[in-house]
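Report on the structure given below.
Every number for a ligand or one of its atoms is a count from 1 in the order of the listing. Since this is a predicted model, take the numbers as computed values, not measurements.
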Amino acid sequence: MDTDTDPHRSGTQAAFRSGFVAIIGAPNVGKSTLLNQLLGEKVAITTPKPQTTRRQIRGILTGNNFQIVFVDTPGIHDPKRPLNRILVHWATQAVKDVDAILFVVDVTCRRRGQEFAILDLLRKIRRPVILILNKIDRVAKETLLPLINELKDAYPFEAIIPVSARYGSGTDYVLDEILRMLPEGPQFYDGTIITDQSRENLAAEFIREKIFLFAHQEIPYSTAVEVEDFKDDPGRHIIRIMAVIYVERPSQKGIIIGKGGHFLKKIGVLVRQELESLWGRKVYLDIRVKVLKEWSKNKQALRRLGLM
Ligand SMILES: Nc1nc2c(ncn2[C@@H]2O[C@H](COP(=O)(O)OP(=O)(O)O)[C@@H](O)[C@H]2O)c(=O)[nH]1
Ligand SMILES: [Mg+2]
């Protein structure tokens with residue numbers, strides 16, 4: 001970008017404002033849905049089952065004189081399994097150096113234990129916090145007031161905003177409130193970038209999302225996805241992706257492939273369509289399934305899959 005002609009840096013404009021905003025809350029409250037809604041693009045996967053966002057994802061919203069870098073966090077969990085320990089670590093990491101925090105609570109399903117654990121963390125780090133009451137499309141308005149009163153007494157929030165992240169109601173107020181709090185600062189990312197994830201990672205995440213949507217019980221938690229090869233061939237207007245779904249046991253492999261390859265095919269078609277619409281390009285997607293024994297308990301495997 002040519003800085004001399006960049007209006008953001010010219011002295012006649014209002015000062016450029018920027019900052020990092022962490023989105024935290026228990027698993028499944030709608031953090032990733034909120035991020036996508038605030039950005040107007042899908043950069044984070046969302047599923048009906050908890051614990052789906054394993055890595056920290058940044059979503060970037062750039063305006064004429066501001067840039068907000070959202071940090072979507074994995075849920076905060078009891079550290080029982082090695083994977084859970086990593087999740088806790090990342091959540092704590094994510095709130096460390098941010099300018100503001102969006103603390104999301106699901107009004108249809110309170111999880112007081114987890115909420116109090118998070119409030120304890122917030123008290124220690126002393127950053128401005130906006131309380132987001134999400135999924136208000138599912139409850140009657142009258143149920144919100146007692147909830148607001150309870151949480152208002154539990155922590156000095158900068159603002160309390162009821163929203164429906166899925167349908168986008170109330171999310172404009174969230175942006176207004178963040179902009180009000182945003183300090184003067186530089187533009188961290190090029191204005192055209194909406195996420196810090198590579199296209200390889202996005203493709204892997206979209207595949208994982210479909211497994212969470214369509215596979216049952218322990219299967220989603222036993223799978224990891226890796227993009228082995230990614231070729232962008234602008235001359236032929238096509239992006240070629242080779243991906244592998246790792247499972248922990250041979251029996252799980254059969255389930256992911258499905259009868260006559262049906263399950264795998266369904267995933268492939270949906271992911272290809274989503275990637276094509278996000279990138280505005282044709283995508284060729286090849287997905288294989290491999291067994292990597294007990295990968296979620298194996299440090300070496302976790303490291304290789306970028307989960308540690
Ligand atoms: N009805 C309703 N469902 C929502 C809303 N926001 C999220 N969800 C659903 O809640 C589930 C969990 O959302 P997700 O964003 O993955 O939660 P996360 O784990 O906190 O990131 C998904 O099935 C979403 O579609 C909302 O505003 N209303
Ligand atoms: Mg999420």
Pairs flagged by side-chain hydrogen bond (donor to acceptor under 3.5 Å, both in side chains) wherever residues 163-174 is involved - sequence neighbours left out = D137-S164
query = What do we get for R138 next to ligand 1 when only non-hydrogen atoms under 4.0 Å count, side chain, backbone, both or neither?
reply = side chain
is_close_aromatic(F20, F70), centroid dist under 6.0 Å = no
query = Does the separation of the ring centres of F103 and Y155 fall below 6.0 angstrom?
reply = no
message = Checking the N or O distance criterion of under 3.5 Å, is ligand 1 in contact with T33?
response = yes
request  = Check ligand 1 against S32 and write out every atom of the ligand that is under 4.0 Å from a heavy-atom position of the residue.
outcome  = 15 (O), 21 (O)
query = Do ligand 1 and Y167 have nitrogen or oxygen atoms that lie under 3.5 Å from each other?
reply = no
remark   = Judged by heavy atoms only, the candidate from T46, I132, T47 nearest atom 12 (C) of ligand 1 is T47
message = Are R281 and I238 packed together at the side-chain level, in the sense that at least one heavy-atom pair is separated by less than 4.5 angstrom?
response = no
ask   = Does an N or O anywhere in V163 fall below 3.5 Å from an N or O of ligand 1?
value = no
ask   = Residues two or more places apart in sequence or in another chain: which of them pass side chain to side chain contact (heavy atoms under 4.5 Å, CB included) with V174?
value = L38, L102, I132, I161, V163, I178
query = Would you say V29 and ligand 1 have an N/O pair spaced under 3.5 Å apart?
reply = yes
query = Is the distance between the Mg ion (ligand 2) and the nearest N/O/S atom of S32 smaller than 2.8 Å?
reply = yes
